[in-house]
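See structure below.
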Amino acid sequence: MDCWGIDSEVRVASMKRMEHRVQDGGMMQGWNRAIELIEQDLTSDIEVGALARAALTSEYHFRRMFSSLAGLPISEYIRRRRLTAATAEILEGGTVLNVAVRYGYGSAEAFTRAFKALHGLSPSEARLPGAVLHSQPQLRFHLRVEGNADMKHRIEDQPAFRLIGLKARVPLVHEGPNQAIIDFQRGLDPAVTKQLVEIADMDPAGPLSVTDNIEEQRNEGSELDYWHAVASTKPVPEGFESLEVPAGLWVVFEAEGKFPEVLQGMWADAATEWFPANPYRWAPGPEMLSVQVEPGGTHGRGQLWIPVEREELR
């Protein structure tokens, strides 16, 4: 498999491996407090910042970890919980307009579209005998004793550097390969990669798959920047773009073994094992994957760079 094409499949598969498991009891309680805040009144506006404060972390870290652990963005979880509660009111005889207004929809038509997207049925069809409906269960984060395997990682206090390469604005895909990324990579001239490798002169070394500038809501279809790039201190060659990355802390995970499983494990363990056990949280910035594939393409080594910041003492 082309090392530039691995990333679009690795993230999806790793997310499917993630279970709702949190190592630290205090963190578990905080995250369950956030879930309880959502449930207190599903008809009111829910501020994600308030949920993050209940979980004793930053909003950025809360959004990123929630998406990784739950397999869907916090905004999508709230939307599904609201629709689940609204469905119960529809089945109890509530009018579409009244229920729509109660749950914050601008019109009965907008509510009906959202209802059909969840259930595949209109509200009137949902009331018919034998109608099969869907629901979003309330999440619960439980303590699970794990961590018997050592995670190979290091913390890098990295000076400012520059990413040089080509980028595409692509949609966020939660299930299945990201065809936009695949098409972008296939359309690149091999000479581009060769030219980039020649100017790579610092860590993270070699060719990088980079994601950055993800829209805050992280819904399916939200946009992000996907880079085919290298880290460099050299001037930007004509025809390429650059991203200035400020100095900061990074956690770097390393793994070696069968592809793509070994890379899937890095993404899954970062969210479910490492962050809950260490005094750091996800920080804004690009996430970078470096891959060295052995001949045959079934084994190799990978490095995953995630920007972090130290948790504030409480």
Side-chain angles (χ1 to χ4, degrees), residues 11-22 27-52 54-55 62-144 171-176 215-222 268 271-272:
R11 294 171 189 248
V12 171
S14 64
M15 186 167 292
K16 291 178 180 177
R17 291 183 50 188
M18 293 178 184
E19 301 173 0
H20 309 300
R21 48 191 166 114
V22 181
M27 179 181 172
M28 175 186 66
Q29 293 172 4
W31 282 67
N32 283 328
R33 280 196 300 270
I35 295 298
E36 289 165 5
L37 278 179
I38 296 171
E39 297 298 321
Q40 283 181 5
D41 186 1
L42 287 167
T43 65
S44 66
D45 290 335
I46 298 170
E47 182 189 350
V48 178
L51 303 180
F62 181 83
R63 286 183 181 276
R64 190 65 181 85
M65 284 291 291
F66 189 98
S67 178
S68 296
L69 291 169
L72 74 167
I74 180 63
S75 57
E76 179 65 11
Y77 171 75
I78 293 171
R79 188 187 74 83
R80 291 185 186 183
R81 285 296 298 143
R82 282 176 165 166
L83 276 172
T84 297
T87 298
E89 295 189 18
I90 290 290
L91 297 180
E92 290 169 1
T95 67
V96 171
L97 180 58
N98 286 344
V99 174
V101 171
R102 177 169 161 77
Y103 284 90
Y105 288 87
S107 65
E109 291 76 15
F111 174 78
T112 298
R113 286 195 297 271
F115 191 97
K116 291 185 73 173
L118 177 65
H119 299 295
L121 302 170
S122 68
S124 58
E125 291 170 333
R127 294 191 178 109
L128 298 176
V132 178
L133 303 174
H134 301 272
S135 66
Q136 172 62 59
Q138 181 180 344
L139 287 180
R140 281 281 180 246
F141 294 91
H142 299 285
L143 182 66
R144 176 171 170 170
L172 180 63
V173 176
H174 290 295
E175 292 289 337
E215 290 182 351
E216 185 176 278
Q217 298 303 317
R218 294 180 180 266
N219 293 330
E220 180 85 8
S222 297
T272 61

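A 4.5 Å side-chain heavy-atom check between Leu83 and Phe111 finds at least one atom pair inside the cut-off. The closest side-chain heavy-atom distance from Ile78 to Leu51 is below 4.5 Å. In this structure, Thr87 and Val99 have side chains that are not in contact, with every pair of non-hydrogen atoms separated by 4.5 Å or more. Between Leu121 and Lys116 there is no side-chain heavy-atom pair separated by less than 4.5 Å.
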Exercise for review: Determine, step by step, whether Ile74 and Ile38 satisfy the side chain to side chain contact (heavy atoms under 4.5 Å, CB included) criterion, reporting the C-alpha distance in whole Å, the side-chain angles of both residues, the deciding distance to 0.1 Å, and the verdict.
Suggested key: CA-CA 10 Å; Ile74 180 63; Ile38 296 171; 3.9 Å; yes
Practice item. Starting from the C-alpha separation in whole Å, work towards a yes-or-no answer on side chain to side chain contact (heavy atoms under 4.5 Å, CB included) for Leu37 and Asn32. Key: CA-CA 9 Å; Leu37 278 179; Asn32 283 328; over 6 Å; no
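Aromatic ring centroids of Phe66 and Tyr77 lie under 6.0 Å apart.
Separating the OH atom in Tyr103 from the CZ atom in Phe115 is a distance of 12.0 Å, to the nearest 0.5 Å.
Panel note: side chain His119, backbone Leu133; no donor-acceptor pair is recorded below 3.5 Å. A donor-acceptor distance shorter than 3.5 angstrom exists from the side chain of Ser44 to the backbone of Asp41, with no hydrogens or angles considered. Between the side chain of Arg80 and the backbone N or O of Gln136, no donor-acceptor pair lies under 3.5 Å. Arg81 contributes no side-chain N or O that, together with a main-chain N or O of Pro137, makes up a donor-acceptor pair within less than 3.5 Å. Panel note: side chain Glu125, backbone Ser122; a donor-acceptor pair is recorded below 3.5 Å.
Arg82 pairs by the salt bridge (charged side-chain N to carboxylate O under 4.0 Å, His left out) definition with nothing, not counting sequence neighbours. With sequence neighbours left out, Glu47 forms a salt bridge (charged side-chain N to carboxylate O under 4.0 Å, His left out) with Arg53. Under the rule for a salt bridge (charged side-chain N to carboxylate O under 4.0 Å, His left out), the partners of Glu89 that lie at least two apart in sequence or sit in another chain are Arg102.
A salt bridge links Glu76 to Arg79: one of the charged nitrogens lies within less than 4.0 Å of a carboxylate oxygen.
Of all heavy-atom pairs spanning Ser107 and Ala100, the tightest one is O-CB, 3.8 Å.
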